[in-house]
There are 2 protein chains.
Amino acid sequence: MGGGDWRPVKRTRTFEDVLAQIERRIAEDGLTAGDRLPAERQLAEQLGVSRSSVREAMRVLETLGVVSSQVGRGPDAGAVLISRPDSALTDLLRLHLGLASLEPREVIDTRHMIEQWAASRAAAARADTSALAAALAGMDGARTAEEFVEHDTAFHCAIADASGNRLIAAIMRSLRDSMRRYAVEAVERLGDTSILRADHVRILEAIDRGEADEAARATSEHLAHAYPALFPGEH
Amino acid sequence: MGGGDWRPVKRTRTFEDVLAQIERRIAEDGLTAGDRLPAERQLAEQLGVSRSSVREAMRVLETLGVVSSQVGRGPDAGAVLISRPDSALTDLLRLHLGLASLEPREVIDTRHMIEQWAASRAAAARADTSALAAALAGMDGARTAEEFVEHDTAFHCAIADASGNRLIAAIMRSLRDSMRRYAVEAVERLGDTSILRADHVRILEAIDRGEADEAARATSEHLAHAYPALFPGEH
DNA sequence: ACCACAGTATGGTCTGACCATATCAGGGAG
DNA sequence: CTCCCTGATATGGTCAGACCATACTGTGGT
């Protein structure tokens, strides 16, 4: 073990270099959603790497919800910058739940925290509640548990949207997506959803009146009602 | 344009099939962190696809913090299942911040929400505070802004860890990582960090005494102190 | 018992080819 | 002139095969 001045020939993989270059270009050129990246073959030539490496970098960016690749020709073809953190977060949560490295309880608690915060914020900002009302109406017309959960999800995501924080909204949407299966089971187990409906109305009205504390409280109690159905074994 | 029974030859890309297969295998075989996936060539042969497609799937899983690839030979080589949502979240946030699809304010608010919740939870659970104390000591010995922020980050992440929710902790870590640059600038702008230190002591003691509300309040006020330095332009 | 060295399985990269798709550019029919 | 058909073309998606660097494994010699 000689001196400490050893230097690795190569620390980063080629596709990581490509990623760094693309990220640098995004920052320097001020690219935003909607702008196009060079074609794969072109990018490979520009950076002096193979197309495979460029493709692997593209896959990473696509996974992170930063680009969308379209085949064909024309203005819409190629790699276009987008901004869709939602699906990336959803995939991330789903996989880590599958690996049992995250427990449902942790996801539920996170959702509780977010939702309470969002409801309070939405009320304070006197946000528009038409989306919430529409989701509520959808829940009334639901004929199956799946359909009910669909509109329930829309309701709760609408609250997150109304908070005005897109990061919160994206996390909320991902949490709901990754928990969808559990939610459907819970609704089926519950049977009567009238209590949930009353909760929703209370939340909506609190936001409508701009009562932040009441909105947070109503949300918290609503989730307390829903929890036993989600965790039938616990108490 | 004949009848409507047209069937697409292929709706999903090959690497997406591979991803689905791997995910299915994880679920069915109950694989968890530490288990190994088959080698790329072997997987390609098993699934009847090219190695490139397998590699692209691997890149996705790696991006999501689900596998780690090691070259060479032996028990530690190959694709090993891991569970590291942190880096994936960090990359996601950093890129979307760079795309200007997320504003710093949204990240800051999210952090505020999380930290308040975590402090309250940690206090309620009477969590061990030795990690917090250690981080606090590190801040006292810090000679540069970078060093200070380093230990400050450790302090706040320790609170998130103490909440017992790994998802929250992962989000917290990612938020801090993606905001590191701003934090360093803020500390340099602030100069005197004695106020921050007093805040930290107050938070730590509240958690130590199990006073959840006081812990949340102290955290909130601490962040209120730090905000002006983060957004010097606003008021 | 130890060590040096060839063997080998692994991921990382490159090349070149072919396919499917979607637009684009012309040319012919009306 | 307009409309539609058709071939050219640019794009991502996939494949096959090769080579390299790395890191363990086993073997044979000391």
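Atoms considered below: every heavy atom in the structure, side chains included; atoms not considered: hydrogens, waters and symmetry mates. The model shown is predicted, which means the values in this text are computed figures rather than measured ones. First the proteins, then the strands, lettered A, B, ... as listed; each starts at 1.
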| B:N165: what forms a side-chain contact (heavy atoms from CB on, under 4.5 Å) with it, not counting sequence neighbours? | A:E106, A:D109, A:T110, B:W117, B:S163, B:L167, B:I168

| Contacts to DNA chain D from residues 72-86 of chain A, heavy-atom cutoff under 4.0 Å, which residues? | A:G72, A:R73, A:G78, A:A79

| How many Å lie between CD on B:E56 and P on C:dT13, as a whole number? | 13 Å

| Whole-Å distance between C:dT10 P and B:L37 CG? | 13 Å

| field | Side-chain donor/acceptor contact of B:R51 with base of D:dG17 under 3.5 Å | value | no

Sequence neighbours excluded and cut-off under 3.5 Å, please list the side-chain donor-acceptor pairs for residues 69-85 of chain A, or say none.
residue	atom	partner	partner atom	Å
A:Q70	NE2	A:S68	OG	3.0
A:S83	OG	B:S101	OG	2.9

| request: Residues of residues 39-48 of chain B with any non-hydrogen atom less than 4.0 angstrom from an atom of DNA chain D: list those, numerically ordered, please. | output: B:R41

| Among D:dG13, C:dG12, C:dT13, which nucleotide sits nearest the side chain of A:S50? | C:dT13

| Side-chain donor-acceptor contact under 3.5 Å, A:Q46 with A:R25 | yes

| query | With a 3.5 Å cut-off and no angle check, do the side chains of B:D17 and B:T12 form a donor-acceptor pair? | reply | yes

| message | Salt bridge or not between B:D152 and B:R176? Use side-chain N to carboxylate O under 4.0 Å. | response | yes

Please tabulate, for side-chain N and O atoms in residues 127-134 of chain B, each donor-acceptor pair with protein atoms closer than 3.5 Å (sequence neighbours left out).
residue	atom	partner	partner atom	Å
B:D128	OD1	B:S130	N	3.2
B:D128	OD1	B:S130	OG	3.4
B:D128	OD2	B:S130	OG	2.8
B:T129	OG1	B:D208	OD1	3.0

| note | By side-chain contact (heavy atoms from CB on, under 4.5 Å), B:A142 pairs with (sequence neighbours left out) B:E147, B:F148

